Number of protein chains: 2
Amino acid sequence: MARLSDVIEDFIKTLLKQSEGELELQRNELAEYFECAPSQINYVLATRFSLDRGYYIESRRGGGGFIRIVQLDLDKDDYLLHLINERIGRTISENETNDIVTNIMERGIITEREALIIKSALTDKVIAIPANLRGVIRANILKAMLVAILRSRV
Amino acid sequence: MARLSDVIEDFIKTLLKQSEGELELQRNELAEYFECAPSQINYVLATRFSLDRGYYIESRRGGGGFIRIVQLDLDKDDYLLHLINERIGRTISENETNDIVTNIMERGIITEREALIIKSALTDKVIAIPANLRGVIRANILKAMLVAILRSRV
DNA sequence: TATTACGAAGGTCAAAGAAAGTCAAAATAA
DNA sequence: TTATTTTGACTTTCTTTGACCTTCGTAATA
């Protein structure tokens, strides 16, 4: 007996193929179609369309709300994906951050100005919260910005 | 399921383009045209034509009343300085941030990709700290990034 | 002429409606 | 048992609607 989550996963992937890697859907509509709880859609998205599987999700609530699924354009051992999923862990220092950002600039992945913007956002001074939390938030933000760079390549 | 507010937004923007950034309209007339409550027009103006998005609204009641929408056009450096020194202040929300960043992108101050990077760094989700602190840190980071942009323009 | 009354705008605010998100308990599969 | 999936109650966000308020111009009135 195929698990419903797998069926929904396949369904979404078929839609994604038809629409060249980008897709907007209605959570409640889909849930109704599969006769399941709306939150099961979230479960499928969280487990099958996660970042390390190469997908990016955004959504909006309220009237006319939607969920957008974007299939990121990446080759298997993408350096950015490696940074996001492995190199940058739960927490990271200002120095490590600067090294990483300089490095991807030198590789031509980002411009000099982008490097400047990213670094300026991640200094100890700017993230003025207790040190133990600071590294965690810095890691969060850095990863989010790298995802944005991944996304902008699509 | 296109939101009516978005349709009205687009309609107004088309009119604005045709009239070179300045436009007068009748609230009731527009509401009748879109078959909606007149107050929905106010909602659209408040959410889509705010100062942060680069528009200025004035209006007059009574016979011969009107609503005037003006698309602002300021000097780029002055506007960045204004944002840094006045607008952003001690704390700022995710939505306000998005409006401001989209706006400076539309003015050609930053690229689309830079806008994406900046916005993604400043979401509630990414700055995962208590809400009262979150806005403060977001304001800090946003200002730091705008300063980086200012410097890289020279 | 000065005042008042009325209709024609636009403004405000809160409630209702329309999505999506979260989280943990219950059910099922490995 | 342990891990994964399914469900449902509750929350948050955004939009739409409607009742009531304020302002302005003009016509009628004192």
Side-chain angles (χ1 to χ4, degrees), chain A residues 1-12 23-53 55-70, chain B residues 1-12 23-53 55-70 92-99 102 119 122-128 130-132 134-135:
Chain A
M1 205 195 301
R3 290 195 246 38
L4 180 55
S5 286
D6 291 338
V7 178
I8 298 175
E9 176 186 1
D10 289 348
F11 182 79
I12 293 175
L23 165 64
E24 246 173 52
L25 54 84
Q26 230 72 26
R27 188 183 75 153
N28 290 342
E29 205 175 80
L30 196 59
E32 210 162 319
Y33 181 73
F34 285 106
E35 294 176 325
C36 66
S39 56
Q40 179 149 13
I41 307 303
N42 298 78
Y43 177 74
V44 172
L45 295 177
T47 56
R48 319 293 216 264
F49 295 88
S50 57
L51 188 59
D52 48 332
R53 294 192 183 207
Y55 298 91
Y56 176 77
I57 309 284
E58 52 188 343
S59 66
R60 200 157 142 186
R61 307 184 187 190
F66 62 84
I67 296 176
R68 178 180 300 135
I69 305 170
V70 183
Chain B
M1 271 127 274
R3 290 184 220 73
L4 180 55
S5 287
D6 291 342
V7 177
I8 298 174
E9 176 186 0
D10 289 349
F11 182 79
I12 293 175
L23 166 64
E24 248 173 53
L25 53 85
Q26 230 71 25
R27 188 182 75 152
N28 289 341
E29 204 175 82
L30 197 58
E32 210 161 318
Y33 180 74
F34 285 106
E35 294 175 326
C36 66
S39 55
Q40 180 149 14
I41 306 302
N42 298 78
Y43 176 73
V44 172
L45 295 177
T47 56
R48 319 294 215 260
F49 295 88
S50 61
L51 263 185
D52 283 343
R53 290 191 181 206
Y55 300 90
Y56 176 73
I57 308 286
E58 49 189 346
S59 65
R60 202 150 89 212
R61 307 184 187 191
F66 62 85
I67 295 176
R68 178 180 299 135
I69 305 171
V70 183
I92 195 167
S93 75
E94 178 176 337
N95 278 344
E96 289 172 305
T97 299
N98 286 338
D99 285 350
T102 299
K119 285 183 195 174
L122 299 174
T123 64
D124 284 351
K125 196 167 183 173
V126 165
I127 308 177
N132 57 327
R134 185 158 55 216

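Everything numeric here is computed off the predicted structure, so don't read it as measured data. Chain A is the first sequence line, chain B the second, and so forth, proteins listed ahead of strands; every chain is numbered from 1.
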Could you tell me whether the side chains of E96(B) and S93(B) share a donor-acceptor contact shorter than 3.5 Å? yes
N or O in side chain of R60(B) less than 4.0 angstrom from dG25(D) OP1/OP2: yes
L45(A) CG - dT22(C) P separation (whole Å): 11 Å
Between atom CD in Q40(A) and atom C1' in dA9(D), what is the gap in whole Å? 16 Å
Heavy-atom nearest nucleotide on DNA chain C taken for K125(B) and for G65(B); more 5' hit belongs to G65(B)
Judged by nearest nucleotide, the residue sitting upstream toward the 5' end of DNA chain D, D124(B) or P38(B), is D124(B)
Sub-3.5 Å donor-acceptor pair from the side chain of Q26(B) to the main-chain atoms of G65(B), do we have one? yes
Does OP1 or OP2 of dT6(D) have a side-chain N or O of S5(A) closer than 4.0 Å? yes
Is the phosphate of dT15(D) approached by Y43(B) (side-chain N or O, under 4.0 Å from OP1 or OP2)? yes
dC13(C) phosphate, OP1 or OP2, under 4.0 Å from N42(B) side-chain N/O: no
At under 4.0 Å, does any side-chain N or O of R27(A) touch on OP1 or OP2 of dA19(C)? no
Once you round it to whole Å, what is the distance between P of dA29(C) and CG of L4(A)? 12 Å
With a non-hydrogen cut-off below 4.0 angstrom, is N28(B) in contact with a base, only sugar-phosphate, or nothing? sugar-phosphate
Under 4.0 Å between a side-chain N or O of R48(B) and OP1 or OP2 of dT15(D)? yes
Considering the terminal five base pairs at each end of the helix from dT1(C)-dA30(D) to dA30(C)-dT1(D), what angle separates the two local helix axes, rounded to 10°? 10°
CD of E32(B) versus P of dG18(D): gap in Å, rounded? 14 Å
With heavy atoms under 4.0 Å as the rule, sort I67(A) into base, sugar-phosphate or nothing. sugar-phosphate
Under 4.0 Å between a side-chain N or O of S59(A) and OP1 or OP2 of dA19(C)? no
Please walk me through it: do F34(B) and F11(B) pass ring-ring contact (aromatic ring centres under 6.0 Å, His included)? CA-CA 10 Å; F34(B) 285 106; F11(B) 182 79; 5.2 Å; yes
Output the single nucleotide from dT5(D), dT15(D), dG11(C) whose closest atom is nearest the side chain of R61(B). dG11(C)
For the pair made of CZ in F66(A) and P in dA18(C), what is the distance, rounded to whole Å? 19 Å
note: R3(B), atom CZ; dC14(D), atom C1'; distance rounded to Å ~ 8 Å
Let me know the distance between CD of Q26(A) and P of dT15(D), rounded to the nearest Å. 14 Å
With distance as the sole criterion, is a donor-acceptor pair present between the side chains of D52(B) and S50(B) under 3.5 Å? no
With heavy atoms under 4.0 Å as the rule, sort T47(B) into base, sugar-phosphate or nothing. nothing
